[in-house]
Amino acid sequence: MIQHMVKEETKKLEAKVEELQQKLRTMEKQNMFLQLTFEHANDAIILFNKNLEFFQVNNKACELFELSKDHLLQRNLYEFLDLMSKEEVNYQEAQLDRLGETENELILRLDNGNVKFVEYSAVRNPDESGLDICIIRDVTSKKNMENETNKSKQMYHDVFNRAVDGIVVFDKEGFFIDVNPAFCSNFAMSKLDLLQAKLDDFVEDEVRYKVEKIWLLLDKYGRVRGELPVLLHNGERKRFEVTITANIYDDYYLAIMRDVTEKRNMELQLQKSEERFREMFQHALDAIVLVDNFGNIMRANPAASRAFELPLEELEKSKLQQFVQKGTSKVPTIIKEFNKKGEIREELEFHMPNGQKKLLEFTANKGIIDGYNMIIFRNVSERRKMEKDLRESEQKFRKIFNNAMDGIILWDDTCTIIDANPNASKIFELSREELMAQCLKQYIPMERIEEMKHLWNQCEENEQLSGELCHDYGKGPQIFEFSAKKNVVEGLHMTIFRNITEKREMEDQLRKSDTLTVVGELAAGIAHEIRNPMTALKGFIQLLQNSMEDGQYAMYFDVITSELKRIESIITEFLVLAKPQAISYQQKSVVKIMQETLDLLSAQAALENVQFASHYEDQLPDVYCEPNQLKQVFINILKNAIEVMPKGGTVTVNMKQLENRNMLISIKDEGLGIPGDKIKKLGEPFYTTKERGTGLGLMVSYKIVEEHNGTIEVESELGKGTTFHINLPITQAFKS
């Protein structure tokens with residue numbers, strides 16, 4: 001029983017084994033088929049492990065990567081993906097993880113540097129073996145073709161859109177299908193408006209026959225070229241060179257239209273210019289000849305016939321050299337320079353057939369008309385003579401102009417200085433260039449400009465305008481006497497002027513001196529006539545005073561005596577003016593004299609609320625002077641200083657020694673100051689700024705200082721006070 005069961009089980013096992021063997025054979029056949037399919041597939045098939053290392057590859061994979069199977073199985077896919085960004089590679093790998101399968105493209109760079117574009121289809125771990133299967137197809141050729149196609153399309157679009165000439169595609173009815181930007185610009189319309197138009201819309205009736213001819217030629221030859229005038233919608237007329245090709249694709253036509261409007265206009269202008277040249281050539285006042293490189297005159301105008309004293313027919317058979325004296329040294333130099341530069345401008349003496357000699361100025365240009373050289377002649381004989389005369393005249397004028405004793409300036413209608421002679425530069429202490437950079441108005445006070453303009457406009461063509469001007473250009477007011485003449489040359493005016501400041505000062509000094517002389521003579525007479533009765537009055541008043549009892553009328557006598565002393569003081573000052581006093585000069589300390597004067601006037605100063613402030617330089621030397629007279633000068637000036645400060649103030653006295661062995665004494669008050677026009681009059685006889693003054697005090701002071709060979713200068717500023725500067729020599733000999 002057991003054996004039977006064993007046999008039965010054995011039979012089942014054998015049947016099972018047979019079945020399994022049958023399945024194994026089937027699987028082996030399938031495996032062989034798959035292996036053959038794997039090895040001989042048209043696409044590369046690759047098995048990758050989880051690190052994208054090559055696990056198994058077919059022959060196409062080896063061909064794709066251009067490596068042997070052994071080498072490829074030692075590599076990693078990442079090694080061939082360096083042309084792709086890391087982000088793109090990671091994205092594709094993440095997509096495979098998420099979906100389990102994916103299709104995409106890769107860019108491979110092989111070891112030999114070749115670049116391949118591939119499409120792949122990948123499945124993640126299909127049989128749970130841990131391997132990914134990937135089928136890869138080389139699409140490099142396809143990509144290259146696509147790129148070339150894209151490049152061609154892009155190139156077409158670039159040419160179409162960037163072409164300088166207008167390009168238009170239209171159908172058999174003439175309706176525009178497409179236009180490029182240049183065409184839109186040429187027709188001054190937008191693309192949208194043009195695509196709703198047709199060619200006939202821009203052609204006028206009188207030239208419509210040209211369009212009909214274009215259609216006939218297109219039907220016959222499929223290509224036509226010509227010119228087409230158009231009228232744009234904005235009213236502008238243009239001409240286009242047109243090249244039309246038929247049936248470029250479908251039933252459309254391609255036309256290239258070049259705007260030749262400007263070109264045709266230029267050609268028309270050139271034609272007119274040539275006509276004008278012919279007219280100018282024939283009617284020109286200057287002689288014009290065309291010569292070849294050997295000097296043969298090929299063509300000449302009527303003016304040349306007159307210039308060379310020959311009929312035109314004979315002149316055009318002549319040679320240029322026959323009019324120049326043989327052996328003229330200048331000729332070879334002119335020819336050499338002309339051949340070198342191709343142009344020249346010169347002068348040369350020409351000998352005419354009738355024996356006449358002419359100095360001709362000529363301009364020559366090489367090969368500018370039909371290969372011939374053009375020479376334009378002008379007779380300058382008369383002009384050169386005139387220029388010589390003018391040059392001589394200019395030299396004469398320049399000598400007079402430069403050596404004139406007075407300043408002379410030439411100026412135009414805008415008052416700009418055109419020229420100035422050396423004396424003008426000397427007077428204004430400016431160089432000629434600096435003067436010419438100035439305007440005449442800078443030397444005329446504003447208040448006189450309008451007056452001068454009116455006088456100048458009223459002035460006749462050859463009339464002179466004279467007068468005086470005062471100008472301050474840095475060294476104090478200067479007085480100028482001027483005489484201006486209108487249009488000495490057309491548009492050029494001349495002004496002659498001289499500085500008369502010193503002359504005016506001398507006249508003022510002379511007038512002052514004459515006044516002083518008259519005053520001195522008058523003073524001597526008055527002093528003489530008054531002093532005698534004054535002596536009698538003083539004597540009898542003293543007797544009368546002594547005869548009175550107990551000081552009766554003492555106040556009256558004091559007043560009379562005081563006034564008599566004042567009259568005697570004035571008479572004494574008159575005598576100072578009248579004649580030199582018998583004085584003796586001594587070496588005295590001016591500091592001591594000044595201090596005594598200040599002490600003398602301190603009481604009067606205190607009454608007027610005035611203080612004295614003195615500043616003396618150390619170790620001041622003694623001055624050779626007349627002490628009493630100097631004291632009189634100081635008293636006069638200090639008393640004036642006290643009187644001009646009714647509300648009180650300070651009188652400042654400074655003394656110092658100057659480098660030129662002079663002593664400078666400055667007395668400054670804090671009064672109201674003196675206007676500039678009145679300062680000049682100080683020291684004149686009977687001129688005073690005080691109500692009860694006589695003007696004799698300062699006049700005597702000026703005279704005393706003058707006797708000491710010194711000077712008095714006054715510096716004043718309104719509202720701030722006045723300073724008297726007394727400059728005295730220390731050792732200089734004095735006037736007797």
Side-chain angles (χ1 to χ4, degrees), residues 474-476 502 505 509 512 573 576 580-605 610-645 649-671 673-674 676 679-680 682-684 697-717 720-736:
K475 61 176 186 179
E502 291 184 4
E505 288 176 354
Q509 289 175 6
K512 195 179 291 185
E573 289 179 343
V576 171
Q581 305 298 303
I583 54 176
S584 61
Y585 291 99
Q586 309 169 30
Q587 287 290 144
K588 285 289 183 180
S589 170
V590 180
V591 173
K592 185 177 179 182
I593 296 170
M594 177 60 76
Q595 199 56 49
E596 289 174 355
T597 308
L598 293 176
D599 292 342
L600 179 65
L601 297 174
S602 58
Q604 181 182 348
V610 173
Q611 292 81 37
F612 292 130
S614 55
H615 305 281
Y616 309 135
E617 200 175 74
D618 293 338
Q619 298 179 347
L620 287 173
D622 293 344
V623 174
Y624 194 64
C625 64
E626 209 296 321
N628 292 327
Q629 284 194 345
L630 274 191
K631 185 179 289 187
Q632 183 64 43
V633 172
F634 296 157
I635 288 172
N636 289 342
I637 295 175
L638 286 167
K639 283 180 71 177
N640 284 344
I642 294 169
E643 290 171 1
V644 297
M645 296 188 294
T650 302
V651 176
T652 305
V653 179
N654 288 297
M655 283 193 198
K656 63 179 179 180
Q657 182 178 350
L658 302 178
E659 292 181 358
N660 58 355
R661 296 290 296 164
N662 275 22
M663 182 80 73
L664 180 64
I665 303 120
S666 300
I667 302 172
K668 183 179 185 305
D669 62 53
E670 296 177 349
I674 305 172
I679 289 177
K680 295 180 180 179
L682 293 178
E684 290 185 4
L698 273 182
M699 184 172 68
V700 169
S701 299
Y702 271 80
K703 186 166 181 65
I704 290 172
V705 172
E706 184 183 349
E707 291 292 332
H708 282 72
N709 273 357
T711 59
I712 296 179
E713 293 180 2
V714 183
E715 181 183 345
S716 185
E717 188 174 351
K720 292 190 177 181
T722 304
T723 304
F724 279 80
H725 298 288
I726 305 168
N727 195 326
L728 294 173
I730 295 173
T731 58
Q732 185 178 342
F734 297 98
K735 297 177 183 178
S736 58

Contacts of Glu715 that satisfy side chain to side chain donor-acceptor pair (under 3.5 Å) - sequence neighbours left out: His725
Straight-line distance of Ser589 OG to Glu596 CD, nearest 0.5 Å: 9.0 Å
Glu617 side-chain N/O to Gln657 backbone N/O, donor-acceptor pair under 3.5 Å: yes
Test item: His615 side-chain N/O and Thr652 main-chain N/O as donor-acceptor pair under 3.5 Å: no
The single option from Thr722, Thr723, Ile637 passing side-chain contact (heavy atoms from CB on, under 4.5 Å) against Asp669: Thr722
CD1-NZ distance between Ile665 and Lys656, expressed to the nearest 0.5 angstrom: 12.0 Å
Heavy-atom side-chain proximity of Glu626 to Glu707 below 4.5 angstrom: no
Smallest separation among heavy atoms of Ser701 and Ile712, with atom names: O-CD1, 4.0 Å
Closest heavy-atom pair and its distance - Ser614, Gln595: OG-OE1, 4.3 Å
Crowding at CD, Glu713 (>12 non-hydrogen neighbours, <6.0 Å): no
Least distance between heavy atoms, Ala641 atom then Val651 atom: CB-CG2, 3.9 Å
Note, Phe634 side chain near Leu598 side chain (heavy atom, < 4.5 Å): no
Close side-chain approach of Val590 and Leu620, heavy atoms under 4.5 Å: no
Point-to-point distance, once rounded to the nearest 0.5 Å, from CD1 of Ile726 to CG of Asn662: 13.0 Å
Atom pair CD1 (Ile730) and CE (Met663), whose distance is rounded to the nearest 0.5 Å: 5.0 Å
Asn727 vs Leu658 side-chain heavy atoms within contact, under 4.5 Å: yes
Smallest separation among heavy atoms of Gly721 and Ser716, with atom names: O-OG, 3.4 Å
Distance in Å, Leu728 CG paired with Tyr624 OH, rounded so as to fall on 0.5 Å steps: 14.5 Å
Set of side chain to side chain donor-acceptor pair (under 3.5 Å) partners for Gln604, sequence neighbours left out: none
Note, Met594 side chain near Ile667 side chain (heavy atom, < 4.5 Å): yes
Smallest separation among heavy atoms of Glu670 and Gly649, with atom names: OE1-CA, 3.8 Å
Side-chain touch Asn640/Phe724, heavy atoms, less than 4.5 angstrom: no
Point-to-point distance, once rounded to the nearest 0.5 Å, from CG of Asp599 to CZ of Phe612: 9.5 Å
Check: Asn628/Gln632 side-chain N/O donor and acceptor closer than 3.5 Å: no
Side chains of Val705 and Val633 in contact at under 4.5 Å (non-hydrogen atoms): yes
